[in-house]
S.K.: 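Sharing a structure below in structure tokens format, with a few things to ask.
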Amino acid sequence: MDQFITNYFKLLSSLSLAMDFSSRGVMRHHQRVALIALQIGKLYGLNPNQLERLFTAAILHDAGSSTWEEKIN
């Protein structure tokens, strides 16, 4: 199971990096958002399952948009 989790987080990180390359935005934006969200989640006492879901949502938060104009609106 640990191998699956490791590969899952690597996959999400790779997808977020690909989203960064597809736009003219700030590199590693999605990863920084996810790490900040995790720190906030820890401050609020979220359990590991909740933190995993929070990380997933945060790192993929712009997955449906392809341009900065779409992200702004």
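Quick caveat, the model's predicted, so the values are computed rather than measured.
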S.K.: Check Leu46 against Leu54 and note the closest heavy-atom contact, atom names and distance.
M.R.: CD1-CD2, 3.9 Å
S.K.: What pairs with Ile40 under side chain to side chain contact (heavy atoms under 4.5 Å, CB included), at least two apart in sequence or on another chain?
M.R.: Ile36, Tyr44
S.K.: When you check the side-chain N and O atoms of Gln50 and Asn47, is any donor under 3.5 Å from an acceptor?
M.R.: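 Side-chain D/A pair, Gln50 to Asn47: present.
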S.K.: Which atom pair, heavy atoms only, marks the closest approach of Ala58 to Ala34?
M.R.: CB-CA, 3.6 Å
S.K.: What pair of heavy atoms forms the shortest contact from Leu38 to Leu51, and how long is it?
M.R.: CD2-O, 3.4 Å
